[in-house]
Amino acid sequence: LFIEKLELPKRVRRLIVSPAAELAQLPWAALGGRTLDVTLVPSATVLLEIRHVSPKRLGKRVIVASPDYTYPGDADAPLMLYAGGLPLPPLPFADAEGRALKRQNDVLLTAEHATEGKLADAIREAGDDTVLHFACHGILNERQPSLSSLALAPSPVSDGFLTSPEILAMPGDYAVVVLSACDVGSMLPAPGEGSVGVPRAFLGAGARSVVANLWRVDDKAGAAFMRHFHDALERGPVAALREARRKLAAEDARWRDPYYWAGWVVWGGAR
């Protein structure tokens, strides 16, 4: 209904949406179907900024998968969610997802090595056009969206929560950032700022595009989807999402339900 009411000319092949409030929860990439590429931007200001970023080739992958959420030297003290006081559960398929994606010369940070410090070092050493992939927990902070975070492994010098301000401070040159992490694919409205959250932080840090999911999905299906996505990524993130949706549905009849694939969207300017 949304797409049809726009009455777009047939020659239009790409739609850029800046969703506000509840509209940011709609699976816009799926609404485009097979003929219309849909990308999201947090605001018109961000769109103006990223339009000046040239398309990227794909460089080395830096993959963060299945961080160890216990404090070093104290296995009985799990890293706790700051909202609700519940320990972060393990992600059984995240480790397999990371290992399946790793190729020659890529960097895989997992378990106790998936810390903020080691991530910053890996990004610095990866050079230009890095493909950055996170298979971990994400935490959406509805009261302070800018403090939404990716949950990495804690270390003696960091708490493990990679927040938006910390993302902006990290050095890096990103072709694509993939957030295969629950909850952080959505962004929240901020007066005068459009939408804010982890995807916007990576766009602000220079990423050409950020791929994320709007809702939590089955771990096994998510790992399979990401495998198909990376196999097609040379064609661009929007085309890769389309190909991953097709292959996921063909791989398992249960995964034809839109719940398993419709939430994946592309934030930013990459085709």
Side-chain angles (χ1 to χ4, degrees), residues 13-16 27-30 32-34 36-41 50 53-65 93-110 119 122-123 125-136 138 150 167 172-181 184-185 198-199 202-203 205-214 217 219-251 255 260-271:
R13 290 290 176 264
R14 185 165 176 243
L15 178 66
I16 301 173
W28 288 98
R34 296 186 177 182
L36 189 65
D37 290 341
V38 182
T39 57
L40 309 183
V41 293
I50 62 178
V53 180
S54 60
K56 305 278 189 178
R57 63 180 180 86
L58 299 181
K60 182 183 294 186
R61 284 177 173 82
V62 175
I63 304 165
V64 177
F93 289 98
D95 183 70
E97 176 180 332
R99 297 185 187 281
L101 295 179
K102 186 181 183 302
R103 301 170 186 177
Q104 188 176 11
N105 298 322
D106 290 344
V107 177
L108 174 62
L109 300 174
T110 188
L119 172 62
I123 292 172
E125 295 173 5
D128 295 341
D129 307 320
T130 303
V131 175
L132 188 55
H133 182 100
F134 292 92
C136 62
L150 296 166
I167 291 169
D173 184 272
Y174 312 112
V176 183
V177 176
V178 182
L179 304 178
S180 183
V184 295
V198 172
F202 277 110
L203 292 175
R208 177 66 176 168
S209 60
V210 179
V211 177
N213 205 317
L214 298 176
V217 296
D219 286 346
K220 188 175 181 180
F225 188 94
M226 281 291 101
R227 185 178 69 253
H228 296 314
F229 170 79
H230 278 273
D231 286 344
L233 190 52
E234 289 285 352
R235 296 164 52 188
V238 175
L241 282 185
R242 188 184 300 112
E243 181 68 6
R245 290 198 295 265
R246 185 184 69 80
K247 288 190 174 180
L248 187 74
E251 183 173 334
W255 295 343
Y260 293 99
W261 49 263
W264 291 101
V265 296
V266 178
W267 291 93
R271 297 182 184 274

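A pairwise comparison of heavy atoms in L248 and A224 identifies CD1-CB, 3.9 Å as the closest pair. Heavy atoms only, all atoms of each residue included: E97 and S180 are closest at OE2-OG, 3.0 Å. Looking at every heavy atom in both residues, M226 comes nearest to L101 through O-CD2, 3.7 Å. In terms of heavy atoms, V266 sits closest to V238 at CG2-CG2, 4.0 Å. Looking at every heavy atom in both residues, V41 comes nearest to G268 through CG1-O, 4.2 Å. Listed here is the closest heavy atom pair of D129 and A175: O-CB, 3.6 Å.
I123 is listed as a side-chain neighbour of Y174, based on a closest heavy-atom distance under 4.5 Å. Between V210 and L179 there is a side-chain heavy-atom pair separated by less than 4.5 Å. Side-chain atoms of E234 and L58, non-hydrogen and from C-beta on, do get closer than 4.5 Å to each other. Residues V131 and V62 have side chains not in contact (no heavy-atom distance under 4.5 Å, counting atoms from C-beta outward). Residues F202 and L132 have side chains in contact (heavy-atom distance under 4.5 Å, counting atoms from C-beta outward). In this structure, the side chains of V177 and S209 stay at 4.5 Å or more apart for every pair of heavy atoms. By the 4.5 Å heavy-atom criterion applied to side chains, L119 and F134 are counted as neighbours. V107 has its side chain within reach of K60: a pair of non-hydrogen atoms, C-beta onward, lies under 4.5 Å apart.
Not counting sequence neighbours, F229 has no partner by the ring pair (Phe, Tyr, Trp, His ring centres under 6.0 Å) test. Every residue two or more places apart in sequence or in another chain was checked for a ring pair (Phe, Tyr, Trp, His ring centres under 6.0 Å) with H228, and none qualifies. In this view, E251 and R227 satisfy the salt bridge (Lys or Arg N to Asp or Glu O under 4.0 Å) rule, not counting sequence neighbours.
Salt-bridge formation is not detected for the pair D95/K102: no Lys NZ or Arg NE/NH1/NH2 atom is positioned less than 4.0 Å from an Asp or Glu carboxylate oxygen.
A donor-acceptor pair under 3.5 Å links the side-chain atoms of T110 to the main chain of A65, judged by distance alone.
For the atom pair L150 CG and I167 CD1, the distance stands at 5.5 Å (nearest 0.5 Å). Between the CH2 atom in W28 and the CG atom in L36 there is a gap of 10.5 Å [rounded to 0.5 Å]. Once rounded to the nearest 0.5 Å, the distance linking CG of L108 with CZ of R99 reads 5.5 Å. Taking CG of L214 as the reference point, atom CG of L40 lies at 7.5 Å (rounded to 0.5 Å).
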Requested in this report: Might you work through the side chain to side chain donor-acceptor pair (under 3.5 Å) test for H230 and R61, ending with a clear yes or no?
Outcome: CA-CA 10 Å; H230 278 273; R61 284 177 173 82; 3.1 Å; yes
Query - From CA spacing to verdict: salt bridge (charged side-chain N to carboxylate O under 4.0 Å, His left out), D37, R235 - result: CA-CA 13 Å; D37 290 341; R235 296 164 52 188; over 6 Å; no
Query raised in the report: Taking it one step at a time, do T130 and D173 satisfy side chain to side chain contact (heavy atoms under 4.5 Å, CB included)?
Result: CA-CA 6 Å; T130 303; D173 184 272; 5.6 Å; no
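When each of Y260, F93, W261, W264 is checked for a ring pair (Phe, Tyr, Trp, His ring centres under 6.0 Å) with F225, only W264 meets the rule.
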